[in-house]
Amino acid sequence: MKIKPSEITSRSDYLSRRKFITGVGATLAGAVILGACDRAGVSEQKKPTPGKTKNTKDELGDPLTSFEAVTSYNNFYEFTLDKEDVAVLAVGFKTRPWTVKVGGLVQSPKTYDVDDLIRKFGAQERIYRMRCVEGWSMVIPWLGFPLAKLLKEVEPTSKAAYVRFTSILDKEQMPGQLNTSYNWPYVEGLRLDEAMNELTLLSHGLYGKDLLPQSGAPLRLVVPWKYGFKSAKSIVKIDLVEKMPASLWMRAAPDQYGFFANVNPKVPHPRWSQSTERRIGDARRRETLAFNGYGDEVSGLYRGMDPKKLF
Amino acid sequence: MSRFKLDYFKLAVHIGALTPLVWLLVDWRLDQLTFNPIQEITKRTGRDALVLLLLALSCAPLSQVLKWRRILTVRRALGVYAFVYALFHFATFVWLDYMFDLALIAEGILEKPFALVGFLAFLILLPLAITSTNGWIKRLGKNWKRLHRFIYPAAVLVIIHFTWAAKQNFGEPLIYGGVLALLLLWRVVRKLSK
């Protein structure tokens, strides 16, 4: 289902209303009524709907986070820093045609049309927990394929030790990229063995349908044992490289965001604790699990490494 | 505003100061507090407290610069409202967010420097709010003014708290910080020129 841009409250109206209603500036009763009308208008817009999922719970028995929450509460700084505005600003973002260039230290570099890529490697449903570094989490039914399948096809050379993911750079469509405090485009990285792990997914859908722009359409990474920011969105380039790539977050705040960023309740973020999280939809906090509950599958990757350095 | 009669002006200030609270309750009833309501309540009450604090601190400069004496009659109310929102903000943290789990709260405050700074600011505001009644003003005499100068370090702590809590998103805290800097600068300049 498509939403026409005209059906949506314009960006400036929406944002100014938001500032307006939350500030003490909203002092006049008349203005309050105006704000209420505006809000009623928003609720009439057509909303995207979920498709079917095979499972309704993750392997720990926790239910899926609602489709509405998954598609309306997003961190995607390329659009805006406001999680609830991302879905609005991302309406109409062009995800086709879209090519993904896979290269660097590989035997056979290739440029894929994203639809060919999806056709070739298919769609498995994977229910993963997503733990944000900010202290909230979701359970999301992704559709995608293991990154390993793609990497095997391009054949990394013996020198390749890391994989670097580059997201789209498009200031016209992504107003957040005008924010010069970040070094756009978004870049993330994995060690080659992390990238080859069976859990590491390249996703192109969720809840049984194609990804919506706010979730990183048309192709994104999902690395469930790491904090959410590692899972780069709207990827256009995947390079095999020799040295550890510096991610956008490592460059923005090296003391706060490391390369590994494995979910670890025992290693606090420099400014806040990571020992608990709030599952979106829950009233109570819950304990955060080491490796986000995927220790059996991935703790072997870090044997002999100091867990304190794995942030 | 100055064309309003005194009581209307005061009434408007009270309505204005209570509006964010009413709005919060309405949004809560209508389930419009985002998908992470507790965080949203925390953010809103915190921001409201800070804005009211800055408004209270603006009264003196505005009364001087605009020769608008009447604004001084609402300064105390603005300060008390700032504390009320700070109290909601703090209560959201210990009650809604951490359900009075003292171990978690202690860990939260100690592991999160921004929470510690906010807590300190709250501890400073508490006696100021308590001593804001006429009785206390009389009882404390000259010391009342001395005590209430602690509003300045409290405001600075609040700005640090907000900046630290914002994840690399410093636009808003910087604006409020700039306003506070101006308000403090005005006082320093005035003191020196006397």
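For the atom pair CD1 (A:I280) and OG1 (B:T34), the distance works out to 7.0 Å, reported to the nearest 0.5 Å. Distance check: B:D101 CG to A:R285 CZ gives 10.5 Å after rounding to the nearest 0.5 Å.
At least one donor-acceptor pair under 3.5 Å links the side chain of A:E84 to the backbone N or O of B:F35.
Heavy atoms of other residues, nucleotides or ligands lying less than 6.0 angstrom from CZ of B:R187 number more than 12. The 12-atom threshold is exceeded at CZ of A:R251, counting heavy atoms of other residues, nucleotides or ligands nearer than 6.0 Å. Counting non-hydrogen atoms of neighbouring residues, nucleotides and ligands closer than 6.0 angstrom, the NZ atom of B:K43 reaches no more than 12 such neighbours.
Using a 4.5 Å cut-off between heavy atoms, B:L104 touches chain A through its side chain atoms alone. Looking at B:D97, the atoms closer than 4.5 Å to chain A (heavy atoms on both sides) sit in the backbone and in the side chain alike. Only the backbone of A:Q274 comes within contact range of chain B, with heavy atoms under 4.5 Å apart.
Among all heavy-atom pairs drawn from A:R278 and B:L96, the shortest one is NH2-O, 4.3 Å.
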